[in-house]
Amino acid sequence: MLVLPAELTHVQAEVCLQMLLQAARAQGQSQVLVDGAALTRFDSSALAVLLACRRECIADGKGFAVRALPPRLRELAGLYGVLDLLPDPAAPHAVVLAAA
């Protein structure tokens, strides 16, 4: 499982994305699960990081899911119309996206 940091704003976005991608590639599993429970300070860059990570995982043929996103970030994803791209495996009827 990959873990988001406590703070993920524009300042940390590029470094965080590179660390997530490196860890996702190194874990060698077919499913990448990102844990957002520690995330307390963020801006819309957090969504950009998650979406970029998702895109790379799917390009590598891996499933992608995010658990425990803070409610405000989940709401922001809904407002931007990207919430369905960040499925929570604990949610009822969640579909974990993978390459076709």
Side-chain angles (χ1 to χ4, degrees):
M1 180 178 333
L2 309 182
V3 179
L4 293 178
E7 183 173 335
L8 181 47
T9 64
H10 177 71
V11 173
Q12 299 88 8
E14 185 60 34
V15 170
C16 182
L17 176 59
Q18 293 310 313
M19 289 181 6
L20 288 173
L21 293 176
Q22 183 178 7
R25 289 180 186 123
Q27 76 177 186
Q29 297 178 3
S30 63
Q31 172 68 28
V32 174
L33 178 61
V34 178
D35 184 352
L39 194 57
T40 57
R41 186 165 186 257
F42 54 86
D43 61 19
S44 61
S45 297
L47 288 177
V49 166
L50 288 170
L51 293 171
C53 186
R54 173 195 176 274
R55 183 173 49 250
E56 291 296 320
C57 288
I58 290 178
D60 289 342
K62 297 180 179 187
F64 183 83
V66 182
R67 74 174 201 86
L69 271 185
R72 288 185 317 140
L73 189 55
R74 187 162 290 285
E75 183 179 318
L76 186 61
L79 289 172
Y80 286 168
V82 297
L83 185 57
D84 289 344
L85 300 177
L86 306 172
D88 182 343
H93 311 306
V95 176
V96 178
L97 301 172

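We count residues from 1, following the sequence as given.
- For the atom pair CG of Leu4 and CE of Met19, the computed distance is 10.0 Å after rounding to the nearest 0.5 Å.
- With a 4.5 Å cut-off on side-chain heavy atoms, Ser44 and Leu76 count as touching.
- Ala24 approaches Cys57 most closely through the heavy-atom pair CB-SG, 4.1 Å.
- Checking side-chain atoms of Lys62 against main-chain N and O of Arg54 turns up no donor-acceptor pair under 3.5 Å.
- Looking at Glu56 and Arg25, a side-chain N of the basic residue comes within less than 4.0 Å of a carboxylate O on the acidic one, giving a salt bridge.
- Note: the hydrophobic cluster containing Leu2 also contains Phe42 (ILVMFWY, side chain heavy atoms under 4.5 Å, direct or indirect links).
- Two different hydrophobic clusters hold Leu69 and Val3 under the rule that ILVMFWY side chains link at heavy-atom gaps under 4.5 Å.
- The shortest heavy-atom contact between Leu39 and Pro5 is CD1-O, 3.2 Å.
- The side-chain heavy atoms of Leu51 and Leu86, taken from C-beta on, include a pair separated by under 4.5 Å.
- At least one side-chain heavy atom of Pro89 sits under 4.5 Å from a side-chain heavy atom of Arg67.
- Residue pairs meeting the salt bridge (charged side-chain N to carboxylate O under 4.0 Å, His left out) criterion with at least one partner in residues 69-80, sequence neighbours excluded, are Arg74-Asp88.
- Taking the side-chain contact (heavy atoms from CB on, under 4.5 Å) definition, one finds that Ala68 meets it with Asp35, Ala37, sequence neighbours left out.
- By the side chain to side chain donor-acceptor pair (under 3.5 Å) test, Arg41 is found to be paired with Glu7, residues two or more places apart in sequence or in another chain being considered.
- Thr40 contributes a side-chain N or O that, together with a main-chain N or O of Ala6, makes up a donor-acceptor pair within less than 3.5 Å.
- The two residues Leu50 and Phe64 make their nearest non-hydrogen contact at O-CZ, 3.6 Å.
- For the pair Pro70 and Gly36, the tightest heavy-atom approach, listed with the atom from each and the gap, is CD-O, 3.7 Å.
- Listed by chain and residue number, Ala52 satisfy the side-chain contact (heavy atoms from CB on, under 4.5 Å) test with Arg55 (two or more places apart in sequence, or in another chain).
- Across every non-hydrogen atom of Leu17 and Val49, the tightest pair is CD1-O, 3.7 Å.
- At a threshold of 4.5 Å between side-chain heavy atoms, the hydrophobic network of Ile, Leu, Val, Met, Phe, Trp and Tyr places Leu83 and Val66 in two separate groups.
- Counting heavy-atom neighbours within 6.0 Å of Gln18 CD, excluding the residue itself, gives a total above 12.
- Note: Glu14 CD to Ser45 OG = 10.5 Å, rounded to the nearest 0.5 Å.
- Not a single salt bridge (charged side-chain N to carboxylate O under 4.0 Å, His left out) links Asp43 to another residue, sequence neighbours left out.
- Counting side-chain heavy-atom gaps under 4.5 Å among Ile, Leu, Val, Met, Phe, Trp and Tyr, the cluster of Met1 also holds Leu33.
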